[in-house]
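None of the values given here were measured: they were computed from a predicted structure. Labels below follow one simple rule: chain letters A, B, ... track the order of the sequence lines, proteins then strands, and each chain is numbered from 1.
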There are 2 protein chains.
Amino acid sequence: MNAGTPPPRRMRADAHRNYQRLLTEAAAAFAEHGADFSLEAIARRAGVANGTLYGHFPTRRALLEALMGDRMRALAATGAELLTARSPFDGLVTWARAAMAHTTIYRGLGATLMQAVEDESSELHAACKAVLAAGEKLLARARTAGEVRPDVTAPDLYALINAAAWAGEQSSPPQGERLLTFGLNGFRTSATDQALPLPKLTPAPK
Amino acid sequence: MNAGTPPPRRMRADAHRNYQRLLTEAAAAFAEHGADFSLEAIARRAGVANGTLYGHFPTRRALLEALMGDRMRALAATGAELLTARSPFDGLVTWARAAMAHTTIYRGLGATLMQAVEDESSELHAACKAVLAAGEKLLARARTAGEVRPDVTAPDLYALINAAAWAGEQSSPPQGERLLTFGLNGFRTSATDQALPLPKLTPAPK
DNA sequence: ACCTGAACACCGTTCAAGT
DNA sequence: ACCTGAACACCGTTCAAGT
């Protein structure tokens, strides 16, 4: 039932009940209205005071982690399984599509995931890093097989997945899938013929 | 000085002064804090009441149109000029990069541009359509030259530009440029060898 | 014709006071 | 140990009243 990191052990009974109600309402509200939905309204719907919400989840990210942490770790595990796919590139593609579908569960989630992977203080940081690492392994295998350009990085893959999810939210889901497809095709070695020079990633400016 | 669609003709002198002050403050605030910056604060900085801002610009989009309309039409004109580039694909790439740089002037602008191109009631709709049409012409030329896959559409290009700009804002500008590059390489005919099947764009669901 | 500023209905976040 | 609800500092948008 609980989809994320477990709450502190041995909560008082009423605290546990409030915790669960908040999670349930947040999941419904985020699914319907996006990950930016009012925390105040979520507390209201759960029948608790706003201070209670902040007591359990000090930030919006903490709430999202409780909701999605397990799902993200499952996504990373799926990536590990796909390392045995017959074609390394197909495995990469299958996983990238699953990752994009995951980003789409709550509208507006992509921005949070992009920031969390670079922000160590984010409650979602660990989960995002696990997803990034899973992508890196799939990428490395496809690279070794010569199916993917040698200069494609895990952050490239991570950014593509989230950006395509974003585009799908802005216009239509198929548009997002098309963007993901073009990007993945751009990763391929065959695209290296006459390929454009690739801007180099400098370490984060600040 | 005025960077967009001209204000209604023959404004009263004080009205004209307020109009200009609002534009100036908005440009500075959006550049520094992004396109979602508080309109209330902009009015305050301009030294006018919030009602005055709404009197001149009934929506945030109207304000953005006044700030960026000319710039977007100039971008479309640049696209027309690039139709004479020696290599059709190079012309496309040069323009796409300019378009992405344009999207980056105010943080968060990409979402507005993505929505406005599909929303006829948006004050930015006409300008976005002009940009889309410019992209379509460059794409058509590259398609005819056999340099680009026949199934790449203008909305694909438009979405790629905005999504790459978004990704650049979330992590770093070079990451955005890398994404644009991968996407454009994915557009190429050479990427069609063993290429992934492309999801079809269904007309907007509603 | 245009401007003002209050009014209304919201936010996120903190924290003293309760039980 | 946890909850409540008010307090504070904000929003966007509308509109009666002024000049």
Nearest whole angstrom, please: distance from the P of D/dA1 to the CG of A/N18.
17 Å
Measure NE2/A/H16 against P/D/dC3 and give the value in whole Å, please.
12 Å
Quick one: B/L22 CG to C/dC3 C1', roughly how many Å, whole number?
12 Å
Only pairs at least two apart or in different chains count here, so list each ring pair (Phe, Tyr, Trp, His ring centres under 6.0 Å) that has a residue in residues 149-174 of chain A.
A/W166-B/W166
Quick one: list whatever passes salt bridge (charged side-chain N to carboxylate O under 4.0 Å, His left out) with B/E123, sequence neighbours left out.
B/R61
Kindly list each side-chain donor-acceptor pair under 3.5 angstrom involving residues 48-56 of chain B, sequence neighbours excluded, with atom names and distances?
none

So the salt bridge (charged side-chain N to carboxylate O under 4.0 Å, His left out) pairs with at least one residue in residues 128-142 of chain A (sequence neighbours excluded) are A/E136-A/R143
What integer number of Å spans the C1' atoms of C/dC2 and D/dA16?
14 Å
With heavy-atom distances below 4.5 Å as the criterion, would you say the side chains of B/F30 and B/L109 are in contact?
no
Apply side-chain contact (heavy atoms from CB on, under 4.5 Å) to B/E25 and list each qualifying residue two or more places apart in sequence or on a separate chain.
B/I42, B/R45, B/A46
Could you work out, with side chain to side chain donor-acceptor pair (under 3.5 Å) as the rule, every residue matching A/S121, not counting sequence neighbours?
A/D119
Show me, range against range, the stems involving DNA chain D, built from at least 3 consecutive Watson-Crick or G-U pairs below 3.5 Å.
C:4-8 with D:12-16, C:12-16 with D:4-8
Rounded to whole angstrom units, what separation is found between the CZ atom of A/R21 and the P atom of D/dT4?
10 Å
How many Å lie between CZ on B/F57 and P on C/dC2, as a whole number?
13 Å
Could I get the full list of salt bridge (charged side-chain N to carboxylate O under 4.0 Å, His left out) partners for A/D36, not counting sequence neighbours?
none
Mark up nucleotides 6-19 of chain D, 5' to 3', with B wherever a protein heavy atom is under 4.0 angstrom from a base atom, S wherever such an atom reaches only the sugar-phosphate, and - elsewhere.
B----SBBBB----
Short side-chain N/O contact from A/H56 to OP1 or OP2 of D/dC2, under 4.0 Å
no
